[in-house]
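In what follows, a single structure is set out as structure tokens and then discussed.
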Amino acid sequence: KINSPLEAYKYLPQTNCGECGQPTCMAFASTLIDRSGKTTDCPPLIKEKKFAKKLAELDRLLAPEIRQVTIGVGERAANIGGDDVLYRHKLTFFNKTKMFFDVADNMDEAAIVERVKKISDYKKFYVGRNLLLDGVAIRAASNDPAKFATAVKKVIENTELPVILCSFNPAVLKAGLEVAKGKNPLLYAANKDNWKEVGELALEYNVPVVVSAFNDLDGLKTLAKTFAEAGIKDIVLDPGTYPTGKGLKDTFTNFLKIRRAGIMGDTEIAYPIMAMPLTAWMAGIADPVSASYWETVLASIFTIRYGDIMLLHSMEPYATMPEVHLAETIYTDPRSPVAVDSKMYKVGNPTADSPVLFTTNFALTYYTVESDLASNGIDCWLLAVNTDGIGVEAAAAGGQLTADKVKDAFEKSGFDLKSDVTHNSVVIPGLAARLQGDIEDKLNVKVMVGPMDSGRLPGWMEKNWPP
Ligand code: SF4
């Protein structure tokens, strides 16, 4: 296993030709290690026959401990697995947990279409990006191949999202596969009773497949090993998700054991894991709000430890919002804080008389301030100062937010406090009050210290603006 750019460099052509977009082969080697680049980005390595052996070896050495499996095709294809570490702070977790929501083939067609559209159209804006749902799991509740095929057709006609075909009946799965040809669906699932037929289907249609053994890790490993030996590479593990009590404790332990073994080098079980928070609906909870709540609790547990893909049911906002937020948070790269571009932003329709404020380019800070201003109808200019994505208080203490940095940010933005506004003043965050004197000296402007919390900006503006 390769862990450093120097080791990866040995396998590169070492000509520094620049065709990969990097100035040197060593710089390119760094992108391989942090996975921002792929070996296919180096044309000489790919094209020249003399490098073929090195390329194969490099690909093998760079492969993640946990196999990456792709479900679906095109832009919305879902990659799962691909991790190298047990703890996020050791590197980062790759491939955010993918959330698939169920439809059943015994729903009427209009209801299927409506639900599929709801899943596909889901969008939650969060710190500068839209959080989305990832796919549709089609359950063969009817156990009827024809009925299942009709439902699969309806789903794939109405979404670009990847799908999971769910049945333990090989005839039903085959009917779904025929309709979903070319869509690379995930087959759910092979178990101890049907593994031979389902394995043949996975090979025949060349699709990823789930192997399932509830609370039986030896059985699960045996199935995965058998499939791998048969030539099936894209395997997902389902150790069962028990929703409550000792079963839930066992489930949690199973997830830990599987992932630990995979990361520690047991290749026979180094595959992505599937969790099924929708089993909350089978836990005998009568009230749907409570079932949704419990489903969200299960989703949260297995987002943190180590569900790579999930089957979910509740689409209530109080269920989906915490689920997508948590996955986004756990899977952000701890090596690079989420940041917005450092520049001058317009909030509303500012004029030359509108206030000028600044905050840092840490996305969470920026969007909080921007939303507090915009939602209160405060038209203004808001500068995001580059603090390497660090929030105001920490940046002011750590030297990433200084009067020089603020001056630099104004200059780079092209915004001139003397000519672009009439008041030659700037409102600084209360948490950066210590910079008031320095900024006054460096920018030669009137500095007004705003509130400690941007939520108080509307009240502060009423009292203090215009200056
Ligand atoms: Fe080196 Fe390949 Fe990049 Fe050329 S394209 S600089 S050979 S890594």
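Position 1 is the first residue of the sequence; numbering continues from there. Counting starts at 1 for both ligands and their atoms, following the listed order.
The ligand atoms of ligand 1 that sit less than 4.0 angstrom from a heavy atom of G18 are 4 (Fe), 6 (S). Of all the atoms in ligand 1, the ones that sit under 4.0 Å from a non-hydrogen atom of N16 are 6 (S).
Between H325 and Y126, the ring-plane angle classifies as perpendicular under the 30° and 60° cut-offs.
In the model, T251 has no side-chain atom that pairs as donor or acceptor with a side-chain atom of N215 under 3.5 Å.
Geometrically, R305 does not engage F252 in a cation-pi contact, judged by NZ or CZ lying under 6.0 Å from the ring centre and within 45° of the ring axis.
Taking distances strictly below 2.8 Å, the protein N/O/S atoms close to atom 2 (Fe) of ligand 1 are C42 SG.
Between Y366 and Y345, the distance from one ring center to the other falls under 6.0 angstrom.
Salt-bridge annotation for R88 and D333: absent, with no side-chain N of the basic residue lying under 4.0 Å from a carboxylate O of the acidic one.
In this structure T279 satisfies the side-chain contact (heavy atoms from CB on, under 4.5 Å) test together with T241, P243, M276, M282, L298, sequence neighbours excluded.
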Test M315 against L133 for side-chain contact (heavy atoms from CB on, under 4.5 Å), laying out the working first. CA-CA 10 Å; M315 288 209 58; L133 305 180; 3.6 Å; yes

